[in-house]
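To find a chain, count down the sequence lines: A is the first, B the second, and so on, and within it residues start at 1.
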Amino acid sequence: MRYSAPRGTRDILPGEIEKWQHVEGRIHRICELYGYKEIRTPMFEQTELFVRGIGEVTDIVEKEMYTFADKANRSMTLRPEGTAPVARAFIEHKLYAEAQPVKLYYIGPMFRYERPQAGRYRQFSQFGVEAFGSMDPMLDAEIISLAHDFYVSLGLDQIKARINTIGCPECRPRYQGHIKQVLSGRLDQLCRNCQQRYERNPMRILDCKNERCSGIASEVGSIDPFLCDECSEHFEAVKTSLDELSIPYVIDPAIVRGFDYYTKTVFEFVAEGIGAQDAIGGGGRYDGLIESCGGPATPGVGFAAGLDRLLLAMEANGIEPAVSNRLGCFVVAPDKGSRIRSACLVSSLRRLGVSADMDYVGRSMSRQLKHASRLDARCVAILGEDELARGVTQVRDMDRGEQWEVPLSEAASRIADFVRSVSGE
RNA sequence: GUGGAUGUAGCUCAGCUGGUUAGAGUACCAGAUUGUGGCUCUGGGAGUCGCGGGUUCGAGUCCCGUCAUCCACCCCA
């Protein structure tokens with residue numbers, strides 16, 4: 001019996017992991033710049049949290065959750081998204097009692113039981129930010145700005161936010177009623193999916209990729225006339241802020257988002273060239289979430305990006321982060337008798353902060369040098385019985401092919417100096 | 001959950017209408033070079049042909065199932 005990673009999951013091996021580390025570095029940096037603090041929440045929560053938070057009639061809750069009963073027969077679910085757990089932590093630790101807004105970010109794996117395809121996995125990684133406790137539209141703009149700057153910092157500088165407003169529990173039902181009224185006589189002309197959407201979430205019809213549906217949906221018109229004053233003013237203020245901050249965006253009435261908790265501002269970012277699953281980030285305002293999770297009425301706004309797709313998008317755009325992890329020095333031990341002294345030199349180099357390695361499989365000298373080349377070593381230190389007897393080691397610059405002798409007593413520090421000088425440190 | 005395509009050394013792939021011991025390139029290891037990498041040459045190890053069943057004298061090749069990957073739908077990140 002041979003094992004393989006479960007469907008929709010994968011191993012990230014050396015060679016690939018460096019890209020992830022690069023992206024994660026940018027995340028920490030951008031969040032620090034914007035004043036968001038990292039939070040880590042459990043990978044699983046009580047099932048009820050997601051049902052309440054995300055919404056009972058969403059696809060995630062209806063068919064995509066990894067739900068299991070623990071030994072005490074409590075229903076648990078591997079987190080399918082990051083906002084609900086952060087909201088739970090916000091309430092549980094009474095962060096609403098602290099200075100507002102509370103600005104948090106997270107990075108970690110999420111789980112959804114879906115059919116995998118390019119850019120879609122059952123375990124995938126998300127980076128997200130959440131800001132609780134402020135209704136200020138400038139905070140919506142700050143989050144969109146953060147997302148934008150994040151993508152740009154990774155080289156995706158053509159990225160543009162698509163934004164929309166979906167109103168609030170006061171005005172949205174009026175618009176939904178309007179949609180149903182306009183479409184009521186033409187239900188049979190809509191696709192099967194849209195006929196279901198008509199009952200459950202009529203705004204989704206506006207998002208349908210079917211040409212006939214989108215043609216009919218275009219007659220529905222914008223949400224604008226139905227927005228309450230508060231929502232209308234809020235959206236105007238978000239747009240003004242983005243303009244002032246020089247954050248590029250387009251207004252896209254088709255952005256409606258998948259979770260029930262969104263209110264007012266919604267937005268997303270899409271990438272080109274990565275297939276059908278092209279959303280690389282999205283978010284919005286969720287003024288009712290904290291309350292529906294059992295906390296005091298607290299507004300919030302957030303954003304999440306899918307790292308797996310982000311990596312795909314970078315690849316599709318030919319963005320290759322320059323990750324240099326060259327080995328500083330490979331110590332070549334041509335003779336068995338010199339291996340232990342070579343190990344000591346390796347150890348000294350490491351303690352001086354220089355990455356160092358040696359042969360552990362009994363290669364010939366020629367092969368050890370070849371191996372050093374493979375490891376992209378900056379230099380090699382040859383330490384055989386001959387050198388040992390003379391109290392020296394041969395240092396070889398692997399880029400230039402130059403070689404010189406240094407006394408063994410100061411070998412480590414001299415090599416360290418050399419490596420630092422060619423590394424530009 | 002639905003539909004379609006694919007699955008042969010670590011990797012990229014050959015293998016014609018079923019016919020003997022399944023090949024190449026690359027990578028790996030070794031030698032040429034008994035103490036000097038990148039180039040070249042020579043040799044070597046390596047494959048339950050995704051897995052399980054079936055048809056057949058005989059299956060990598062045909063059929064069924066299953067698992068996985070990819071694409072589309074759905075939905076999303």
Sugar-phosphate only, base, or nothing, as touched by [X] at under 4.0 Å among non-hydrogen atoms:
{"X": "A:Arg204", "answer": "sugar-phosphate"}
{"X": "A:Gly8", "answer": "sugar-phosphate"}
{"X": "A:Glu64", "answer": "sugar-phosphate"}
{"X": "A:Leu310", "answer": "nothing"}
{"X": "A:Glu62", "answer": "nothing"}
{"X": "A:Glu81", "answer": "nothing"}

Sticking with atom [atom1], work out how far [N] lies from [M], rounded to a whole angstrom.
{"N": "B:C16", "M": "B:G23", "atom1": "P", "answer": "14 Å"}
{"N": "B:G60", "M": "B:U66", "atom1": "P", "answer": "22 Å"}
{"N": "B:G53", "M": "B:G58", "atom1": "P", "answer": "15 Å"}
{"N": "B:U55", "M": "B:G10", "atom1": "P", "answer": "31 Å"}
{"N": "B:C70", "M": "B:G31", "atom1": "P", "answer": "41 Å"}
{"N": "B:C51", "M": "B:A68", "atom1": "P", "answer": "15 Å"}
{"N": "B:A9", "M": "B:G50", "atom1": "C1'", "answer": "14 Å"}
{"N": "B:A30", "M": "B:A77", "atom1": "C1'", "answer": "49 Å"}

Any donor and acceptor pair, going by atom type alone, linking the side chain of [X] with main-chain N or O of [Y] inside 3.5 Å?
{"X": "A:Ser347", "Y": "A:Ala343", "result": "no"}
{"X": "A:Tyr36", "Y": "A:Glu130", "result": "no"}
{"X": "A:Arg122", "Y": "A:Pro116", "result": "no"}
{"X": "A:Lys264", "Y": "A:Met135", "result": "no"}

Closest to side chain of [X], choosing from [options]:
{"X": "A:Arg309", "options": "B:G37, B:C76, B:A30", "result": "B:C76"}
{"X": "A:Arg363", "options": "B:U36, B:A30, B:A77", "result": "B:A30"}
{"X": "A:Ala118", "options": "B:C70, B:U36, B:C76", "result": "B:C70"}

Does the [N] base have a donor-acceptor partner in the side chain of [X] within less than 3.5 Å?
{"X": "A:Arg7", "N": "B:U69", "result": "no"}
{"X": "A:Arg367", "N": "B:G37", "result": "no"}
{"X": "A:Ser373", "N": "B:G38", "result": "no"}
{"X": "A:Glu387", "N": "B:G35", "result": "yes"}

Once you round it to whole Å, what is the distance between [atom2] of [N] and [atom1] of [X]?
{"X": "A:Ile54", "N": "B:C76", "atom1": "CD1", "atom2": "C1'", "value": "12 Å"}
{"X": "A:Ile60", "N": "B:G1", "atom1": "CD1", "atom2": "P", "value": "17 Å"}
{"X": "A:Arg374", "N": "B:G38", "atom1": "CZ", "atom2": "P", "value": "8 Å"}
{"X": "A:Gln403", "N": "B:G35", "atom1": "CD", "atom2": "C1'", "value": "10 Å"}
{"X": "A:Lys63", "N": "B:C76", "atom1": "NZ", "atom2": "P", "value": "10 Å"}
{"X": "A:Arg120", "N": "B:C74", "atom1": "CZ", "atom2": "C1'", "value": "7 Å"}
{"X": "A:Gln117", "N": "B:G3", "atom1": "CD", "atom2": "C1'", "value": "13 Å"}
{"X": "A:Glu405", "N": "B:G35", "atom1": "CD", "atom2": "P", "value": "17 Å"}

**Study point:** Contact check, side chains of A:Arg79 and A:Thr41, non-hydrogen atoms, under 4.5 Å
**Key:**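 Yes, their side chains come closer than 4.5 Å.
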
Practice item. Please tell me if the side chains of A:Ile223 and A:Pro253 come closer than 4.5 Å, counting only heavy atoms from C-beta onward. Key: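 Contact flag for A:Ile223/A:Pro253 side chains = no.
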
**Study point:** Intra- and inter-strand pairs of RNA chain B in dot-bracket (Watson-Crick or G-U wobble, both distances under 3.5 Å; | for another strand)
**Key:** (((((((..((((.....[...)))).(((((.......))))).....(((((..]....))))))))))))....

Exercise for review: Decide, yes or no, whether a salt bridge links A:Glu387 with A:Arg341 under the criterion of side-chain N to carboxylate O below 4.0 Å.
Suggested key: no

Practice item. Establish, with yes or no, whether the OP1 or OP2 oxygen of B:C74 is under 4.0 angstrom from a side-chain nitrogen or oxygen of A:Arg115. Key: no

Review point. Can you tell me if the side-chain N/O atoms of A:Lys370 get under 4.0 Å from OP1 or OP2 in B:U36?
Key: no

Review point. Closest nucleotide of RNA chain B for A:Ile382 versus for A:Gly362: which of these residues is on the 5' side?
Key: A:Gly362

Check your understanding: RNA chain B: A:Ala305 or A:Gln277, which has the more 5' nearest nucleotide?
Key ->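 Looking at the nearest nucleotide for each, A:Gln277 comes out on the 5' side.
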
Could you go through residues 278-285 of chain A and list every donor-acceptor pair under 3.5 Å that involves a side-chain atom there, pairing it with any protein atom two or more places apart or in another chain?
from	atom 1	to	atom 2	distance (Å)
A:Arg285	NE	A:Asp140	OD1	3.0
A:Arg285	NE	A:Asp140	OD2	3.0
A:Arg285	NE	A:His234	NE2	3.4
A:Arg285	NH1	A:Ser134	O	3.0
A:Arg285	NH1	A:Asp287	OD1	2.9
A:Arg285	NH2	A:Ser134	O	3.1
A:Arg285	NH2	A:Asp136	O	3.4
A:Arg285	NH2	A:Asp140	OD1	2.7

Check your understanding: Mind checking whether A:Phe269 and A:Tyr151 have parallel, tilted or perpendicular rings, split at 30° and 60°?
Key -> tilted

**Study point:** Sub-6.0 Å ring centroid separation between A:Phe127 and A:Phe150
**Key:** yes

